[in-house]
Structures are given as structure tokens and as C-alpha cells.
Amino acid sequence: MPSTVSFTLNGEPVSAEVSSRTLLVDMIREQLGRTGTHVGCDTSQCGACVIHVDGVSVKSCTMLALQADGADVVTIEGVARNGELHPMQAAFREHHGLQCGFCTPGMIMSALDLLQTNPDPSEGEVREWLEGNLCRCTGYQNIVKAVLSAAATMRG
Amino acid sequence: MSENGIGAAVRRKEDHRFITGGGRYTDDINRPNQVYAYVVRSPLAHARITGIDASEALSRDDVIAVLTGADMAAEVVGGLPCGWGVCNKDGSPMAEPAHPPLATDTVRYVGDQVAVVIATSRAAARDAAELVDVDYDELPAVTDLASAGADGAPQIWEEAPANVCFDWEIGDSAAVDEAFSKATQTASLDVVNNRLIPNAMEPRAAIGDYDRGKDEYTLFTTSQNPHVIRLLMGANVLGIPEHKLRVIAPDVGGGFGSKIFHYAEEAIVTWASKRLGRPVKWTADRSESFVSDAHGRDHISHAEIAMNDDGEFLGLRVRTTANLGAYLSTFAPSVPTYLYATLLAGNYKTPAVYCEVKAMFTNTVPVDAYRGAGRPEASYLLERLVDKAAKVAGLTPIEIRRRNFVPNDGFPYQTPVALEYDSGDYFAVLDKALEISDYDNFAARKKASANKGLLRGRGLSTYIEACGIAPSNVAGALGARAGLYESGTVRVNPTGSVTVLTGSHSHGQGHETTFAQLVHEALGVDIDAIEVVHGDTGKIPFGMGTYGSRSLAVGGMALVAALDKIKAKARKIAAHLLEASEDDVEFENGELRIAGTDRAVTFGDVALAAYVPHNYPLDVLEPGLEETAFYDPKNFTFPAGCHICEVEVDPDTGVVNVDRFCAADDFGRIINPMIVEGQVHGGVTQGIGQALFEECVYDNESGQLLSGSMMDYCLPKADNVPNFDVATNVTLCQHNALGVKGCGEAGAIGAPPAVINAVVDALSEYGVEDIAIPATPQRVWQAIQSASR
Ligand code: FES
Ligand code: FES
């Protein structure tokens with residue numbers, strides 16, 4: 001049975017007809033056409049699909065679209081404001097925290113959530129937090145560097 | 001050095017789209033009226049197909065078609081081709097069985113393609129695939145190398161008796177025998193190189209889109225080399241002439257070799273699109289990637305080294321069996337032969353080397369190149385063996401290497417296994433690694449670890465690799481069925497901006513930046529006014545793609561050759577504009593100046609004059625400013641380095657923690673040090689993955705893949721690796737004008753032996769001399785237990 005799901009996506013109201021089993025990530029990518037959120041696995045391991053739902057990071061491959069009804073959803077497309085990169089995005093570029101870019105949206109969304117609760121994390125805390133985000137390209141070093149640098153910038 | 005030229009850590013031009021969600025990967029693309037394919041795969045490792053009943057699937061409203069191997073065999077020209085032929089010792093060709101994109105009568109591994117369901121949505125196609133009823137007569141299967149060669153082993157191919165694809169050799173076996181007869185000491189090693197599953201983060205995907213009006217095909221695919229796919233699929237599988245087939249590899253989320261090969265799904269969606277008159281899209285689930293992306297490594301070897309009293313190497317003898325899987329993937333035969341055994345001389349002046357390789361078919365996913373491709377297998381074997389030899393000879397790992405290195409005045413150095421090294425300084429990279437690893441203070445760190453109840457060990461490896469693949473005539477003589485040059489086009493636009501068309505492909509390596517740096521350096525054009533285009537056969541003249549750390553050494557050199565032509569023409573145009581002799585015109589910093597004067601025109605003036613040729617030597621020069629060059633390398637390039645690893649082992653749990661890792665590498669001239677460091681970080685992490693975490697495991701009874709998901713196959717995570725200390729020591733490549741050697745694979749080659757040598761060192765107090773790779777906690781713990789007993 002299709003039902004209508006409505007939520008706010010990057011500040012704008014959206015809605016779509018979904019089936020009860022439609023995953024949130026599929027609705028966002030296929031029906032709403034926002035393809036910045038990626039799918040890298042089918043076992044909730046890789047974190048390429050991480051977005052924010054009501055302010056916290058979730059793996060959007062592990063949530064049904066129906067569960068997002070009425071929520072405030074932010075994806076990588078909603079992170080830059082008025083054409084200005086978020087300090088986290090700028091830090092990923094500055095510190096070469098990406099190569100192929102496939103894991104990057106999930107990494108950025110996940111790291112942003114870390115800094116909400118822990119604005120001054122240690123290197124070890126960043127590494128531990130990012131356990132649920134796999135990157136096959138960078139060896140993580142420059143991702144960690146980027147997150148620490150963004151944290152410093154954001155603390156001001 | 002200019003701020004954006006050669007040697008500068010220019011921030012990447014491509015990053016903006018990736019950090020804002022604007023990347024465009026294959027699965028992000030949708031075509032109007034598109035339908036979805038789901039591949040029905042064999043659940044059995046070896047079976048005869050006795051029937052396929054698709055009626056239930058076809059009865060669904062949302063299912064458009066179910067296509068089988070019989071449908072395909074009736075229409076396609078041939079099977080998936082193998083691009084490299086290898087000969088047996090007696091000169092006869094390897095066994096080369098057919099590889100239909102959809103199986104016709106027999107399946108040969110779990111995951112083999114049996115049928116394809118096409119439906120109006122991805123979910124519908126997947127659901128309907130469950131309804132396709134395939135009858136199988138199960139046959140006995142074999143997945144591991146030891147069993148595949150045993151008497152009475154199940155036969156996978158009639159044309160490959162005893163499952164042998166080829167039995168090949170290289171080197172002078174008589175000379176090696178003689179070396180052993182003279183030896184006063186020897187060391188030997190039995191070694192497995194663990195089978196790996198590449199796991200680029202973006203799963204493979206493909207969209208076939210046939211245009212009936214023009215009778216043209218477009219394939220979007222996750223490929224490292226779209227022109228090669230066009231050639232192989234067009235000519236060998238579907239019989240589509242190249243001018244009617246466009247292959248686009250847009251943003252690609254990592255490859256590491258696994259996206260070089262021509263895969264069945266590419267041919268299936270292209271063929272099905274014509275048949276159905278609609279675009280057909282296929283995207284792999286990760287679980288599908290595990291059973292359909294080509295795997296890597298999987299060798300078993302026995303190696304012996306002969307030495308004199310001083311620990312100088314006299315000869316090396318290696319016997320390897322290599323697993324090729326059930327079918328020959330595109331470049332599979334080259335990996336355990338010419339990309340492996342030719343590197344067994346390593347950094348050493350061993351005068352005699354002999355290697356024989358028996359390559360086997362098994363009921364497993366095809367095995368092909370994975371980051372390093374043959375060279376990690378060579379370097380792992382050799383660097384483990386050299387550590388063993390050091391113990392026998394009573395030398396330190398450093399001393400035995402120094403005694404055997406090719407000396408600095410020994411270049412060019414002809415190895416006994418076909419390669420000629422052009423340059424290097426193995427002593428310098430070793431010294432650099434010792435320096436950055438704080439080698440001398442190891443004892444204090446070991447003590448500190450011991451105080452925590454941990455065993456600290458350290459290991460080093462020195463490696464060499466052959467990159468910049470490859471001189472076409474040499475590759476051809478060795479069995480390559482293609483040339484391995486590269487093309488580059490430099491299009492100077494009328495207003496002075498530059499579009500570069502390259503046959504190399506970037507899937508994380510940052511060519512859009514590095515190649516722009518080359519153009520900026522040559523022409524002085526602002527880096528933001530340079531656009532590098534890759535991955536589209538409709539735009540780029542030709543290309544052999546990216547693998548074997550070849551992009552800069554081959555693709556970059558094609559670009560340099562095209563830039564030279566642009567500069568030569570620009571000087572002619574400038575000479576005309578300045579009314580000077582061409583010989584007097586100098587090109588520097590974006591200006592063309594009459595030498596020794598202040599009379600100059602800008603490169604922009606020249607570009608405009610070329611396209612608005614009102615004042616232009618039309619009688620002797622064509623208008624326009626665009627040049628293409630093809631570059632065929634003169635030799636392989638030979639990056640080399642030394643990696644030093646320190647681990648801490650918890651003797652109670654067997655857990656190994658990489659505490660320090662230093663890499664000192666010689667990649668020749670470095671264009672962008674930031675990107676080079678990133679490549680080393682990534683390569684080393686994959687190497688640590690191979691050494692400690694990653695292992696593809698089949699159940700030999702059932703032929704099922706046991707490590708078939710990210711839950712079962714352990715990829716390195718952020719908290720599994722330390723920060724790496726990375727340094728370089730440059731000796732220039734002697735045969736390309738840039739002096740570059742390549743850096744993409746080095747980490748994956750140098751790291752595994754450094755890590756395992758460190759683990760063995762940590763366990764040496766228990767008398768442990770060897771540990772199987774990957775050194776999982778279970779293996780380490782067992783090694784400690786059996787030693788203490
Ligand atoms: S897609 Fe891998 S965790 Fe969501
Ligand atoms: S940048 Fe490629 S997977 Fe992280």
C-alpha cells in the first residue's frame with residue numbers, strides 16, 4: 001500500500017508516495033532526486049548514506065521512509081549555506097580528506113554530528129566515532145585531520 | 001616553483017562537487033523511460049543448468065522480461081574476452097575457455113550470472129528474481145588451490161586438464177641450480193598470499209541506453225578505462241562498431257583495479273536496452289559485489305634463496321600456484337606472471353632468479369588485478385624470505401638488505417627476470433625510513449610496551465615495483481593483446497582557457513588537479529581556467545585508462561607531448577605577431593617574448609589570433625590551437641621504497657595494533673605532494689588490511705563464499721590504523737621528460753611484508769618464525785599458545 005510521506009528536506013517541504021518498505025535513502029535518491037547521499041552496502045556497515053534526521057546522524061539505508069514523516073531531514077546538499085561552504089566541507093578540501101568522494105557525504109554528515117555533542121574531540125575520539133564510516137581511499141588520516149581542523153575553526 | 005605548478009600542493013579542483021553532494025556517479029544517473037535489471041546468480045559453485053522457468057516472474061505486471069544465456073547466445077557475437085595470453089613452458093598457449101556473459105549450460109562459481117530480470121523498478125526486479133526457477137544438477141566443486149591440483153579433483157573445464165590454465169616459467173633454472181650448488185647457506189619459505197576482495201566503496205553499476213533513431217548505443221559504467229570497455233565489448237561481445245558505441249565512466253567511487261575489467265553486466269544492459277527499446281539500469285548490491293567483482297591475490301608459493309658466507313644472494317628459486325577463479329577475467333593471466341615474477345629480483349642484485357607459476361581454475365569468482373597486481377605478491381614473498389635469510393646469515397634485516405641492494409652506480413640494471421631498472425637509490429630511501437621511524441629508540445619503546453604487558457615488534461620491507469604500464473612492443477611480446485600507450489589532447493579555447501582531454505581516468509587520484517598543474521606549468525594559464533575532461537569515449541580521442549600507477553607516467557607524458565606541440569605552434573604565431581624570427585621567441589610565464597627585449601604577446605593574444613586569424617600566417621599555418629599526442633612509454637618506471645612498521649601485540653588476546661608506520665618512497669618527480677601523500681596513506685591502509693584484517697574465505701566443501709558481506713570481510717576502519725609518517729627521496733625516472741614514476745600502488749606493495757615482519761618480530765621471543773597472513777587475533781593467539789606449549 002503506497003502512502004504519502006512528507007518532511008522537510010534541507011529546509012524545504014517535500015513529499016512522495018512510498019511503499020511501506022521503501023528505505024529513506026531510496027526515497028531521497030530516487031524520488032526526490034538528491035543523489036549526494038550514497039549507498040555503499042546492504043548491511044548498514046559503510047556509512048555512505050549518513051544524513052541528519054531531527055538533528056542527529058542516521059544511516060538512511062537503515063530507516064524506512066515512513067519513519068521520516070514530519071521530520072527535519074538534512075543531507076549533504078543542505079550543508080553549505082548561501083553558496084558558502086560549511087567549515088567542515090572546507091576542511092575536507094583543505095586537508096585532502098577525500099579522494100574518490102564516494103564516502104565523503106556520509107563522512108561529513110557523521111563528523112558534523114560528532115561536533116554537536118563533542119566540539120573538541122581528541123584524535124582517538126574522532127577515529128572511534130567514524131568507525132561506522134568506511135573509506136577505501138584515504139586511509140582516514142586526512143579525514144581525521146579535516147575533522148579536527150573543522151572543530152577548531154568552529155570553536156572559533 | 002609557481003604556486004600552482006609542478007611540485008605545489010594545489011588543493012583539488014574536483015573536490016567542490018564531492019563535498020557538496022554534486023558528484024555524478026553512475027547510479028546517480030537516470031535515463032528517461034528507464035527500466036531496472038537484476039541478475040539471477042548461481043547459488044551453487046558448480047552445476048549444470050537443466051531448466052529455467054521464468055513464467056511466475058513474467059506473470060507480474062511490473063516485470064518486462066526475463067532473459068537467459070540462450071537468448072543472449074542467439075544474438076551476441078562472443079564471450080567476455082581475455083586481454084592477455086600467456087604460454088606454457090613448452091610454448092603452447094594457455095587454456096582459454098569461453099566466458100559467456102550469461103551462463104548457457106553450466107555455472108562455475110557462486111555468483112555466476114544465470115539470467116537477468118528486467119522490471120519497472122529495482123525492487124520489482126529483485127522480487128521477481130526470487131521467482132525465477134532454475135533447475136540445477138549439482139557437480140562437485142573445488143575452491144582452494146591445494147585441492148584444485150589434487151588427483152581426482154573436480155574438473156572445471158574440459159580444455160584445462162587437472163584445472164591448469166597454464167604452467168609458465170621465467171628465468172634461468174640451470175643458473176639458479178648452479179647458484180644453489182655453490183651456496184654455503186640457504187633460507188626457505190612457504191607462503192600464502194591471502195585472497196582479497198577489493199571493495200571500492202562505490203558498488204559497480206551500468207546503464208545501457210540504445211537510441212533506435214540513430215542506431216547508437218551509450219553505456220554508462222563504473223570503469224577505470226571506458227575506451228577499453230568500448231573496444232572489448234563492442235568488438236568481442238556485442239559486435240557494435242566503435243562509432244556506434246559511446247562508453248561513459250562518470251565519477252567513479254574508487255577502483256583499485258576491480259573496475260578495469262569488462263564485466264558481464266555491462267554487456268547485458270547494453271544488449272538488453274536494444275532488445276527492449278528502453279534504457280536498462282543495473283546497480284550491484286554490496287553482497288553482489290562480493291560475488292561478482294574480480295578478487296585479488298590468492299597465491300601459494302615455496303621460495304628458496306642461496307647465499308654465500310657473507311649473506312650475499314646468489315640465486316632465488318620460486319614455485320607458485322595462483323588461483324584464477326572459474327573464468328579468465330580481462331587481464332588475469334598477466335597478474336601472476338609478468339606483473340609478479342618479473343619483480344622477484346626486488347631491489348637486489350641477485351644474479352640468478354627462476355620462477356615457475358602454475359595458474360589454476362577453481363570454482364570461485366574470477367581473480368584479476370587488485371591494487372599492486374602481482375607486485376604485492378612478489379614483494380611479500382621476497383621481503384619475508386629476506387628476513388628469514390637475515391636470521392640464517394646472522395645479519396640484521398638492514399645489513400642483509402644493504403649488502404644486496406643494486407648499488408647506486410649499477411643503473412641501468414638488467415635483472416635476471418626481464419626488467420631493466422633505470423634509476424633508484426635504495427640506500428637513501430632505507431636511510432630516510434630509518435630516520436623518520438626513530439629507529440634507534442626502538443628499545444625504549446619496546447620496554448614501554450612491555451610495561452603495559454604488550455609485545456612490541458618492528459619490521460621493515462624494501463620494495464620495488466614496475467609501473468607506468470607499459471611499452472606497447474614489450475607488452476605485446478609478453479602476451480598483451482592491446483597497446484598500452486596513452487592519448488592526450490590540449491584544446492586552447494579562443495579566449496585562452498584550456499580544455500584537456502585525457503585517456504587516463506580519475507576515480508579518486510585527482511587528475512583534474514595534477515594534469516591542470518602540468519598545463520599551468522607549461523602555458524602559464526590560470527589553474528582555474530583549465531578543465532580536465534576524462535571518462536567519455538564520445539569526447540576523448542582514445543585512451544587506455546588508469547591502472548598500474550600509469551596515469552602520470554604515461555597519460556601525463558601524452559599531455560606533455562601535446563603541450564610541446566601547442567608551445568611550438570604558439571611560438572610560430574607569436575613570431576608572426578611580433579614580426580620576429582621564431583627562433584628568437586621565448587615562452588615563459590604565459591608570455592611569448594622576443595628574447596632580450598620587452599616586446600611580448602600574451603598566450604591569450606596568441607590563442608585569440610589562432611581562432612580570429614585576421615593577422616595570422618595563414619599561408620604556412622592552420623588556424624586553431626588544439627593538439628593531440630599519443631605517448632608510448634620507453635620502459636616501465638620503477639618506484640621503490642622502504643616501509644617500517646611497529647606493532648604492539650596483546651599476548652592475551654592476539655590483537656595486533658599498528659602503532660607506528662613510516663614510508664619512505666621514491667616516486668620520481670612529484671607534481672602534487674598532497675595528492676601523493678594521500679595515495680600512500682590509502683595504499684598503506686589497504687596493505688595493513690591485507691596483513692591484519694582482510695581475507696576472502698570459501699567453504700571448500702560447498703563452494704560458498706563465507707566472507708560475503710562487510711560483516712564477514714573485515715575492512716580497515718578509522719581506528720584500526722595510526723597516522724603514517726611519509727617521506728620521499730627523489731631519483732628521476734630516466735626515460736620520461738617529467739621524471740615521474742607513479743605512486744598509486746606502492747603502499748599496498750610495501751606495507752604487508754613490513755607489518756608481518758613486525759608481527760613475527762614481536763612474537764620472536766616465543767620462538768615464532770612465521771605467521772599466516774592475515775595475522776588475525778586468532779592466528780596470533782594460536783601461534784603464541786602452540787609456541788608456549
Ligand atoms: S549504505 Fe552502507 S551503511 Fe547505509
Ligand atoms: S574517498 Fe573514496 S571511499 Fe573515501
Side-chain angles (χ1 to χ4, degrees), chain A residues 19 21-22 26 29-30 33-46 48 75-80 85-86 88-90 92-106 108 123-124 126-145, chain B residues 9 11-12 14-25 27-30 121-123 198-203 251-256 283 285-287 506-510 674-675 677-686 688 709-711 715-724 747:
Chain A
S19 80
R21 66 174 180 173
T22 303
D26 289 336
R29 286 180 53 82
E30 310 279 321
R34 306 297 202 288
T35 55
T37 303
H38 297 151
V39 178
C41 74
D42 45 12
T43 50
S44 296
Q45 240 91 29
C46 76
T75 64
I76 187 69
E77 288 93 341
V79 174
L85 291 180
H86 187 283
M88 184 66 78
Q89 292 170 308
F92 266 69
R93 178 163 193 268
E94 178 59 26
H95 297 287
H96 191 31
L98 64 149
Q99 291 182 22
C100 78
F102 197 78
C103 70
T104 313
I108 289 178
E123 187 206 318
V126 174
R127 286 187 182 273
E128 198 175 319
W129 179 269
L130 292 178
E131 259 214 318
N133 291 78
L134 295 174
C135 174
R136 195 59 157 156
C137 298
T138 64
Y140 303 103
Q141 182 159 336
N142 289 344
I143 291 175
V144 174
K145 215 195 220 177
Chain B
R11 300 303 183 264
R12 296 203 318 172
E14 48 268 80
D15 283 356
H16 190 268
R17 66 177 186 275
F18 296 128
I19 56 183
T20 54
R24 190 164 179 261
Y25 302 87
D27 189 55
D28 299 341
I29 295 167
N30 291 297
S121 74
R122 195 175 296 185
N199 274 300
M201 288 313 300
E202 178 206 24
D251 286 330
V252 172
F256 316 111
T283 306
D285 294 334
R286 177 60 59 182
S287 314
S506 181
H507 28 282
Q509 297 89 339
M674 175 191 81
I675 287 176
E677 280 195 17
Q679 289 294 310
V680 175
H681 294 169
V684 166
T685 300
Q686 287 185 10
I688 292 174
S709 80
M710 283 180 174
M711 286 194 289
L715 294 164
K717 301 182 182 63
D719 58 358
N720 293 141
V721 287
N723 282 325
F724 309 115

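- Proximity to chain A involves both the backbone and the side chain of B/Val721, based on heavy atoms less than 4.5 angstrom apart.
- Two residues are said to be in side-chain contact when any heavy atoms from C-beta on lie closer than 4.5 Å; B/Glu677 and A/Asn142 fail this criterion.
- In this structure, B/Asp27 pairs ionically with A/Arg29, as a charged nitrogen and a carboxylate oxygen lie closer than 4.0 Å.
- A donor-acceptor pair under 3.5 Å links the side-chain atoms of A/Asp42 to the main chain of B/Ser287, judged by distance alone.
- Counting heavy-atom pairs closer than 4.5 Å to chain B, the top-ranked of the candidates A/Gly40, A/Gly101, A/Gly78 is A/Gly40.
- To the nearest 0.5 Å, atoms CG (B/Asp28) and CD (A/Glu30) are separated by 9.5 Å.
- Between the side chain of A/Arg136 and the backbone N or O of B/Pro198, at least one donor-acceptor pair lies under 3.5 Å.
- In this structure, chain A has a heavy atom under 4.5 Å from the side chain of B/Arg122, while its backbone stays farther away.
- Using a 4.5 Å cut-off between heavy atoms, B/Phe724 contacts chain A through both its backbone and its side chain.
- Heavy-atom neighbours of A/Glu128 CD from other residues, nucleotides or ligands within 6.0 Å: at or below the threshold of 12.
- No side-chain donor-acceptor contact under 3.5 Å links A/Gln141 to the backbone of B/His681.
- When heavy atoms are compared at a cutoff of 4.5 Å, B/Ile688 does not approach chain A at all.
- Residue B/Glu14 does not touch chain A at all, counting heavy-atom pairs closer than 4.5 Å.
- Considering only heavy atoms from C-beta on, B/Met201 comes within 4.5 Å of A/Cys46 through its side chain.
- Applying the side-chain hydrogen bond (donor to acceptor under 3.5 Å, both in side chains) test to A/Gln45 and every residue at least two apart in sequence or in another chain returns A/Thr43.
- Closest non-hydrogen pair, A/Cys100 versus B/Val252, comes out as CB-O, 3.7 Å.
- Formation of a donor-acceptor pair under 3.5 Å by the A/Tyr140 side chain with backbone atoms of B/Asn720 is not found in this model.
- The shortest non-hydrogen separation linking B/Ile19 to A/Arg93 is CD1-CB, 4.1 Å.
- Contact of the A/Arg127 side chain with the B/Asn723 side chain is registered, since non-hydrogen atoms from C-beta on lie closer than 4.5 Å.
- In this structure, B/Gly253 and A/Phe102 approach most closely via the heavy-atom pair CA-CB, 4.0 Å.
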